[in-house]
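Structure, as structure tokens:
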2 protein chains.
Amino acid sequence: MAKKDESAAETRHYGGRGDPVRSMELLWGTSPGPRSRGPKQGLTVERIVQAGIEIADAEGLAAVSMRRVADRLGVGTMSLYTYVPSKAELVDVMFDRAIGTAARPEVEGGWREKLTAVARSEWDLYRRHPWLLQVMAMSRPPLGPNSIAGYDHQLRAVDGVGLTELEMDSVVSMVGVYVQGTARAAAEAAASARDTGQTDDEWWSVYAPLLEKVFDADKYPVAARVGAVAGETYQSAYDATHGFEFGLARILDGVESLISSRR
Amino acid sequence: MAKKDESAAETRHYGGRGDPVRSMELLWGTSPGPRSRGPKQGLTVERIVQAGIEIADAEGLAAVSMRRVADRLGVGTMSLYTYVPSKAELVDVMFDRAIGTAARPEVEGGWREKLTAVARSEWDLYRRHPWLLQVMAMSRPPLGPNSIAGYDHQLRAVDGVGLTELEMDSVVSMVGVYVQGTARAAAEAAASARDTGQTDDEWWSVYAPLLEKVFDADKYPVAARVGAVAGETYQSAYDATHGFEFGLARILDGVESLISSRR
DNA sequence: TCCCTTGTCGTACGTTGTACGGAATTTGGT
DNA sequence: ACCAAATTCCGTACAACGTACGACAAGGGA
């Protein structure tokens with residue numbers, strides 16, 4: 001990397017690379033007790049995970065390096081490897097523990113109220129821990145206790161409304177995919193602002209006049225018309241919060257028509 | 001990195017870091033002509049971009065390093081920097097050029113047929129160039145000619161159906177967010193399979209028995225019931241294609257109820 | 001012809017994850 | 001009580017990354 005990290009690179013992570021048995025022990029805290037021989041351990045996996053989460057929250061997943069985590073805990077870098085087999089497993093556990101902080105309210109009312117609450121709670125989670133969106137966890141998710149609990153909570157929102165099990169799973173993952181996508185836009189905007197010291201407004205005010213020079217409004221009349229209105233309204237290329245509430249209502253309307261058709 | 005790149009890290013990129021004027025010139029091909037003095041240039045920006053796209057298609061965005069691109073073109077690494085100010089700008093141009101390969105069919109019929117075609121064409125694009133999903137382009141997208149043309153094409157699907165400009169933009173970005181999310185799941189599955197030499201099925205058959213040991217079916221009865229059915233059906237944690245078509249139909253139902261309410 | 005601009009690219013630096021091996025520490029066996 | 005085995009801790013080293021810097025070569029304008 002160049003000095004002062006001017007480079008535009010972030011890191012993504014996916015897990016499931018190491019020993020599956022070891023991974024699951026880490027995730028579920030079922031590691032065998034301390035061995036009898038040798039020095040006492042000065043750290044715990046959970047303390048390491050917390051340090052990683054704090055760095056990721058403050059500076060993004062790219063700032064979470066083994067050296068940074070070790071420094072924060074006042075130990076040598078390589079000491080971490082006696083607790084965690086690799087960075088991939090560490091990120092997996094960070095992922096599950098952060099998921100565990102999601103609010104899982106038991107909402108009164110019908111499926112729509114419940115599913116709205118599920119979506120909002122996931123949205124809040126991603127606002128608090130935006131780096132979760134950089135962990136590749138759609139296929140092969142870390143199968144930790146909190147991820148499982150979250151899956152169950154989501155499903156209960158649409159239980160007993162006349163959908164098949166398959167439809168329940170599909171509805172829940174459809175809403176999840178949508179929330180993640182919208183949260184990702186918000187997270188990117190925040191990360192860009194943090195890393196460049198420039199808000200989206202400022203960015204746009206630089207690029208808008210440059211775009212006007214090359215953009216042919218006669219060739220793309222619809223984009224010109226809509227873009228003008230959208231640009232004025234959002235004061236930025238994409239307003240995440242507006243998009244989230246609007247799209248969520250639309251999606252739930254879609255789910256409603258599915259549920260009605262089943263009755 | 002460890003030898004043989006066993007590490008579980010992928011790279012993400014976001015642009016808009018360098019000189020905005022230079023960025024736009026690169027994107028729109030409006031760079032000033034060749035200077036009269038000095039040696040002839042042996043390459044073009046477009047050749048470099050093509051090489052980058054080929055590597056990204058075959059091995060993912062993480063494999064696109066300046067050294068790899070230069071090697072493929074038979075030049076020294078640093079020569080690339082006379083064409084492109086940094087890797088961030090190179091990725092921005094790769095992004096726009098890949099977007100340009102999307103099919104933008106002019107579909108007969110109503111908005112639903114058109115919007116379905118838009119979604120499917122975007123889905124196909126992400127299947128051909130999965131690395132596009134790793135370019136952070138939701139806020140501050142590269143404002144290149146192909147991205148603009150794509151935006152116009154998407155909007156035309158819902159033009160003249162009674163929605164406001166703001167609603168048109170929101171509907172289009174809602175569908176886009178959804179397609180990207182589903183495509184991301186598919187891309188992650190493919191990337192995992194490529195990097196680990198293990199299909200999702202194989203992965204699941206390793207983890208399922210381990211999960212069974214720690215999972216408490218009495219505590220999470222809904223997850224147990226739905227998970228069993230979903231697991232049997234998908235033969236994997238998440239089937240992207242099924243999810244895509246199902247969710248798209250649901251979302252379009254939601255859009256339909258919005259459009260009806262406007263008539 | 002000479003000079004000055006421009007393109008090419010070898011070298012070097014600071015960053016990353018982590019393999020390796022030596023030192024220090026604690027305990028079980030005797 | 002003492003030794004060896006087991007275990008933790010961690011300094012060093014390596015290959016990869018993006019790219020700053022500067023030396024060298026190429027070629028048109030004077």
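Just so it is clear: chains get the letters A, B, ... in the order the sequence lines come, proteins before strands, and each one is counted from 1.
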Can you work out whether B/Y81 or B/G38 has the more 5'-proximal nearest nucleotide on DNA chain D?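 Checking each residue's closest nucleotide, the 5'-ward one belongs to B/Y81.
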Nearest-angstrom distance from the residue atom [atom1] of [X] to [atom2] of [N]:
X     : N      : atom1 : atom2 : value
A/L61 : C/dG17 : CG    : P     : 10 Å
B/L43 : C/dT6  : CG    : P     : 19 Å
B/R47 : C/dG7  : CZ    : P     : 17 Å
B/Q41 : C/dC9  : CD    : C1'   : 14 Å
A/L73 : D/dT8  : CG    : P     : 17 Å
A/L80 : C/dA19 : CG    : C1'   : 15 Å
A/R68 : C/dG14 : CZ    : C1'   : 15 Å
B/K87 : D/dA20 : NZ    : P     : 14 Å

Would A/T196 and B/R140 count as having a side-chain donor-acceptor pair, cut-off 3.5 Å?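 Result is yes, a qualifying pair exists.
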Can a donor-acceptor pair be found between the side chains of B/Y151 and B/N146 at a distance below 3.5 Å?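 There is no such pair between these side chains.
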Toward the 5' end of DNA chain C, by each residue's nearest nucleotide, A/R37 or B/T82: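 Its nearest nucleotide lies further toward 5', so the answer is B/T82.
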Under 4.0 Å between a side-chain N/O of B/Y83 and OP1 or OP2 of C/dG7, yes or no?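 Checking C/dG7 against B/Y83, no side-chain N or O comes under 4.0 Å of OP1 or OP2.
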Regarding D/dG18, can its base be found pairing with the side chain of B/R67 as donor and acceptor, where the two atoms are less than 3.5 Å apart?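 Looking at the base of D/dG18, it does pair with a donor or acceptor on the side chain of B/R67 (distance under 3.5 Å).
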Quick one: label [X] by what it contacts on the DNA or RNA (base, sugar-phosphate, nothing), any heavy atom closer than 4.0 Å.
X     : result
A/T77 : base
A/S79 : base
A/S65 : sugar-phosphate
A/G76 : sugar-phosphate

Looking at [options], which one has an atom nearest to any side-chain atom of [X]?
X     : options                : result
A/M66 : C/dT18, D/dA25, D/dT8  : C/dT18
A/K40 : C/dT26, D/dC10, C/dT11 : C/dT26
A/M78 : D/dG18, C/dT8, D/dG11  : D/dG11

Would you give the length of the straight line joining atom NZ of B/K87 to atom OG of B/S65, rounded to the nearest 0.5 angstrom?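 B/K87 atom NZ to B/S65 atom OG measures 6.5 Å (nearest 0.5 Å).
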Hey, could you give me the NE2/CG distance between B/H129 and B/L61, rounded to the nearest 0.5 Å?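 Spacing of NE2 (B/H129) from CG (B/L61) equals 13.0 Å.
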Using a strict cut-off of less than 4.0 Å between a Lys/Arg side-chain nitrogen and an Asp/Glu carboxylate oxygen, indicate whether B/E54 and B/R72 qualify as a salt bridge.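 Between B/R72 and B/E54 there is a salt bridge, with a charged N closer than 4.0 Å to a carboxylate O.
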